[in-house]
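Here the structure comes first, spelled out in structure tokens, and everything after it is commentary.
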Amino acid sequence: MAKLRSVPRTDGHDLRAQVHFCPETGQIWLHEHRMLLVHAEAQATLRKELIDTLGMERAQGLLTRMGYASGLRDAELARSRAENASDLEAFMTGPQLHTLEGIVRVTPVRVEIDRPGGKFYGEFLWENSWEGQWHRHYYGIHSEPVCWTQIGYACGYTSAFMGRPILYKEVECVGMGDNGCRIIGKPVEEWEDAAEHMRFLAPESIADQLIDLQSQVGLLRATIDEQQKLPEDMVGRSPGFQAAYDLLRQAAGSQITVLLLGETGVGKELFARALHGMGPRRGEPFVAINCGAIPPELLESELFGVEKGAYTGALVSRPGRFERANGGTLFLDEIGDLPLSAQVKLLRVLQEGEIERLGDQKVRRVNIRLVAATNVDLLQRVKEGRFRPDLYYRLNAYQVSIPPLRERKEDVSVLAKRFLEKYSAVHGKKLRGFTDKAKRALLTHPWPGNVRELQNMVERGVILAPAGSRIEVNHLFTSYSVEHPREFGLDVNGDLDIRRWDAGRGLCEAVLNGVMTLDQVESMLLETAVDKARGNLSSAARLLGITRPQLAYRLKRLHEGTSTGSELAPAAETGPDGSTT
């Protein structure tokens with residue numbers, strides 16, 4: 001069991017390094033979570049209005065739950081640090097963050113942690129509690145503790161860290177006239193009056209009623225217009241997507257040939273399947289073929305079928321895609337790549353409803369609905385003589401243009417959420433969503449591969465993100481290609497380090513002018529971090545934003561380079577972070 005008794009406060013330098021300010025976008029980041037700087041007086045005014053409007057007890061519950069949610073978020077950062085730290089060191093991230101965020105100055109008095117055994121005891125002193133001070137300002141001395149948001153934070157943070165419910169009670173409070181605040185936390189079952197305090201963490205019944213009403217409204221809307229419901233894999237709320245889907249829906253009940261236009265990866269096959277599923281042929285086959293993925297010499301046999309002996313290698317007779325789709329829908333993707341010889345036969349099928357297998361004289365009747373798709377300009381190919389004009393005008397009877405993902409930014413978030421749910425189930429992993437910085441990266445990415453690229457990227461994120469955590473930027477992107485807005489952080493004194501970029505430019509000039517080498521810069525940076533961490537490699541790695549194995553590898557490589565001298569250049573090696581040196 002890890003114990004901490006009468007421990008001095010830690011400086012939290014490595015946590016301050018996680019805070020970044022971006023003046024260009026107006027965003028503040030703690031690791032990858034977006035933060036806000038709010039005037040304490042404005043927050044206190046809102047708190048007072050909640051109390052005056054809802055009453056003391058309802059306001060206490062609301063503020064306690066708000067603090068609980070904040071504690072849950074900060075516990076994610078603690079879990080990410082736990083890899084290279086003891087349970088006690090990782091746990092102290094929460095008290096340090098509570099201090100860094102300006103909520104209250106936290107001093108640990110006694111902490112005992114046994115995570116495997118589920119045992120916990122924590123006692124802390126709070127100084128400069130903004131909540132207690134402002135409550136006392138507005139309402140005078142109170143008969144009970146009033147630091148509700150802060151207690152909620154402690155409960156949420158510790159419960160998430162321990163993986164079991166931990167309840168804190170404020171046994172001294174400045175709002176009651178005490179000089180400071182003191183809190184004690186233990187597992188819920190160790191408090192005799194736990195139920196009296198835990199009720200503030202339960203949602204109000206009125207909220208449950210509102211959720212029930214919302215569900216009923218949603219059910220009524222779905223019943224009123226079932227046809228408007230999107231298929232499970234089609235997600236979108238942007239005007240461009242809705243316009244395309246509305247055109248598709250209006251064509252569903254007819255037999256008109258539909259031509260889907262859009263870039264690669266926008267979901268043309270999904271639209272085709274949705275059209276089939278909404279139409280009268282929904283119970284019949286849906287057959288798809290990519291005209292650009294099959295060699296030209298084999299495409300006709302794939303479409304129209306082949307008789308045994310029609311050509312070398314045709315050992316058996318087999319039907320083509322038209323016959324297999326008989327009664328249903330045939331989807332021809334990338335139809336712009338169809339050879340001219342196949343275009344002639346396709347036109348005849350559309351006009352006469354008849355096909356002939358290769359090597360056969362027998363005419364077979366087929367009844368299909370044709371849906372075609374392309375990512376090229378068919379009219380331009382007609383002008384170039386690469387596409388028959390009569391077939392073009394036959395296919396272009398009903399055109400549906402699907403906009404690229406970069407033009408439907410409103411759909412990125414809902415698509416990402418849908419893919420997260422899908423691949424979390426596929427890979428059997430429970431995740432908590434995306435970090436705020438990952439969400440920003442998803443929204444600013446240009447998406448050259450459209451929805452397919454987003455789908456693959458989210459699956460990659462699901463695979464790489466640790467279970468129970470959130471997907472971060474580095475889980476999604478191998479290299480983040482969108483230009484980063486300039487950010488600055490806090491220096492070791494807690495001040496805004498705005499001028500550090502000037503020093504960085506000077507260092508760059510020194511390297512480019514030959515005053516220093518890259519190895520010398522890396523060596524200086526690594527040694528400085530190790531010195532600041534007093535030789536603790538785990539702490540030094542956190543200061544540098546890398547893992548302990550990565551730091552150890554770099555130190556070993558630099559040491560070996562110093563030992564061997566400069567006569568022989570070291571061979572390229574791959575480090576634990578995947579980098580090549």
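As the structure is a prediction and not an experimental result, all values here were calculated from the model.
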Could you tell me whether [X] and [Y] make a salt bridge, using a distance below 4.0 angstrom between a side-chain N and a carboxylate O?
X: E123; Y: R182; value: yes
X: K48; Y: D52; value: yes
X: E57; Y: R199; value: yes

By ring pair (Phe, Tyr, Trp, His ring centres under 6.0 Å), which residues pair with [X], not counting sequence neighbours?
X: Y157; result: F91
X: W191; result: none
X: W148; result: H135

Are [X] and [Y] in a cation-pi setup, meaning NZ or CZ lies under 6.0 angstrom from the ring centre and within 45 degrees of the ring axis?
X: K186; Y: Y121; value: no
X: R110; Y: F124; value: no
X: K437; Y: W29; value: yes

Give a yes or no answer on whether the side chain of [X] reaches the backbone of [Y] with a donor-acceptor pair at less than 3.5 Å.
X: H445; Y: L442; result: no
X: S159; Y: C155; result: yes
X: K119; Y: I113; result: no
X: D411; Y: R237; result: yes

Member of D74, I103, T93 meeting the side chain to side chain contact (heavy atoms under 4.5 Å, CB included) criterion with H98: I103

Can a donor-acceptor pair be found between the side chains of [X] and [Y] at a distance below 3.5 Å?
X: T149; Y: E131; answer: yes
X: S469; Y: E76; answer: no
X: T435; Y: E32; answer: yes
X: H20; Y: Q27; answer: no

CD on E527 to NZ on K532, rounded to 0.5 Å: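 Taking NZ in K532 and CD in E527, the distance rounds to 15.0 Å.
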
Can you tell if the side chain of [X] reaches within under 4.5 Å of the side chain of [Y], non-hydrogen atoms only?
X: I183; Y: K169; result: no
X: I151; Y: W126; result: yes
X: M176; Y: S143; result: no

Where I166 and G185 come nearest, the two heavy atoms and their spacing: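 Looks like CG2-C, 4.3 Å.
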
